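Here the structure comes first, spelled out in structure tokens, and everything after it is commentary.
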Amino acid sequence: MITARLTVNGEQREVAFRPSATLLFVLREKLGLTGAKPGCLNGDCGACTVNVNGTAMKSCLMLAVEGLNQTILTIEGLKDSPVQHAFIEHFAFQCGYCTPGFIMNINSLLKKYPEADDYTIKEFLSSNICRCTGYQEIEKAVKSLLKMNREDRAGLQQDV
Amino acid sequence: MQTYDFDYYLPKTVEEGIRLFQQLEGEGKSPVYYSGGTEIITLGRLNLVETNAVIDIKTISECKELTVRNNRLIVGSALSLTAVEERNLFPLLSKAASGVADHTARNKITVGGNICGQIFYREAVLPFLLADSDAVIAGKNGLRKAPVHQVFNRKLMLQKGEFLVQLHTDQRYLTMPYVCVKRRQQWDTGYPLITLAVLKTKTEIRLAVSGLCSFPFRAFEMEKAIGQGGPLPDRVQEALRHVPQPVLDDVEGSSGYRMFVLEHMLEDLISRLEGNHP
């Protein structure tokens with residue numbers, strides 16, 4: 001067992017875990033952060049996606065020990081965020097199981113590529129699977145956020 | 001969750017990594033090197049990989065190097081595929097890497113992990129095979145550098161306790177015309193039916209293939225056939241006679257279908273590079 005501090009959603013959390021434990025397992029079973037969902041557990045579905053230092057990571061493909069000294073963000077750390085509001089406005093979910101993974105991936109996309117083109121959006125979104133097939137609505141939510149960012153930037157320039 | 005336990009080690013230097021391997025083995029353990037770790041985690045869950053000690057090489061600085069020095073591109077083995085794609089110093093490598101798994105998975109999958117993996121597609125090796133790159137391998141006698149053709153025969157032929165540190169590629173190859181296409185059975189995500197990478201040097205067309213057989217390969221004999229004079233369809237037919245056997249025959253596609261797809265890919269991609277494409 002390792003006892004170490006993980007930085008999750010801006011908090012230092014002391015936790016004991018086996019070196020072979022995945023980050024997904026530790027988040028859910030040791031820290032009670034059940035927003036990252038277990039799906040395929042094989043890196044295919046993206047339901048367990050979190051952000052590590054701002055980069056989207058499938059937490060089933062990562063050992064918790066690899067998260068030491070990294071900044072981990074889960075869906076619980078994005079409460080009331082613009083991405084969540086965009087998902088609600090555009091009905092970008094049905095059963096909701098895949099939603100945290102999509103939102104975390106999109107959060108990373110918006111940070112890395114604030115002016116993402118269609119190709120980049122597709123590249124990112126193809127990492128997540130929605131069994132309800134709500135892809136069009138999800139894409140609309142992403143594009144609404146990119147548009148909002150563009151308008152915000154244009155507004156800022158005018159103010160200057 | 002893994003079904004078994006292992007210890008985790010994070011060496012800071014190549015020497016420490018090698019020493020750890022020898023020490024752990026001396027203690028009766030069965031250590032494995034770990035980079036992105038995606039295959040160790042996913043196959044481990046299915047009991048297809050078993051180890052009681054992993055040695056994570058991703059904090060070894062040489063394994064994270066990505067630079068051009070002395071007219072050679074240096075690609076560290078522990079770089080993620082997306083890191084290589086984003087820097088885009090070797091566009092053919094970026095293109096081949098971008099076909100592996102999906103974007104988020106590629107944030108974790110590394111160049112070395114893909115090349116050394118059990119999953120036999122190993123598409124990241126194709127550009128290095130085409131560019132006659134060198135592999136830098138660490139072992140108990142230090143670092144050794146060898147032509148990739150010498151150390152990669154169907155898979156990377158590592159001795160026990162060795163790990164891949166870097167790949168070095170002559171800068172001239174970075175800007176040569178290329179095409180790299182991954183054909184899948186359906187959609188844009190999934191295992192390949194065939195990945196074909198084609199590089200045009202000043203004197204020849206070079207071919208490297210993944211997904212056709214149970215190993216990736218540089219198709220030297222096929223290249224010779226393509227390099228002969230005559231109409232392209234005839235040269236392609238001759239090249240097809242030199243495909244290594246057996247051709248895969250599995251759920252992704254029958255061997256006959258794979259050969260059909262390969263024939264059309266060869267005609268299409270070579271035609272593009274020879275400048276005869278509409």
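Proteins come first, then strands; the chains are lettered A, B, ... in the order of their sequence lines, and each starts at number 1. Since the structure is predicted, the reported quantities are computational estimates derived from the model, not experimental observations.
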Okay, B:E86 and chain A: the region with an atom under 4.5 Å from a heavy atom over there is side chain

Under 3.5 Å: donor-acceptor pair, side chain of A:R18, backbone of B:D5
no

Where B:Y8 and A:P19 come nearest, the two heavy atoms and their spacing:
CB-CB, 3.9 Å

What pair of heavy atoms forms the shortest contact from A:N42 to B:T42, and how long is it?
OD1-CB, 3.3 Å

Assess whether atom CG of A:N69 is packed by more than 12 heavy atoms of other residues, nucleotides or ligands within 6.0 Å.
no

Please find the pair of heavy atoms, one from A:G43 and one from B:D102, that lie closest to each other, and give the distance.
O-OD2, 3.8 Å

B:R106 vs A:E123 side-chain heavy atoms within contact, under 4.5 Å:
yes

Over 12 foreign heavy atoms within 6.0 Å of NZ, A:K37:
yes

Looking at A:R153, I want to see if its CZ is surrounded by more than 12 non-hydrogen atoms of other residues, nucleotides or ligands under 6.0 Å.
yes

Rounded to the nearest 0.5 angstrom, the CG-CG distance for B:L10 and A:L68 is 9.0 Å

So which part of A:F17 gets closer than 4.5 Å to some heavy atom of chain B, the side chain, the backbone, both or neither?
neither

Least distance between heavy atoms, A:C40 atom then B:R45 atom
O-NH2, 3.6 Å

Does a sphere of radius 6.0 Å around CD in A:Q12 hold more than 12 heavy atoms from other residues, nucleotides or ligands, not counting ones at 6.0 Å or beyond?
yes

Hey, what do you get for CD1 (B:I41) to CG (A:L63), rounding to the nearest 0.5 Å?
4.0 Å

Is B:K155 atom NZ crowded by more than 12 heavy atoms from other residues, nucleotides or ligands, each under 6.0 Å away?
no

Nearest heavy-atom contact between A:L61 and B:K108 is O-NZ, 3.2 Å

Side-chain donor or acceptor of B:N107 paired with backbone N/O of A:A56 under 3.5 Å:
yes

What one should report as the nearest heavy-atom pair of B:H103 and A:S127 is N-OG, 3.2 Å

Is there a side-chain contact between A:F124 and B:T104 in this structure, where contact means two heavy atoms from C-beta onward sitting under 4.5 Å apart?
no

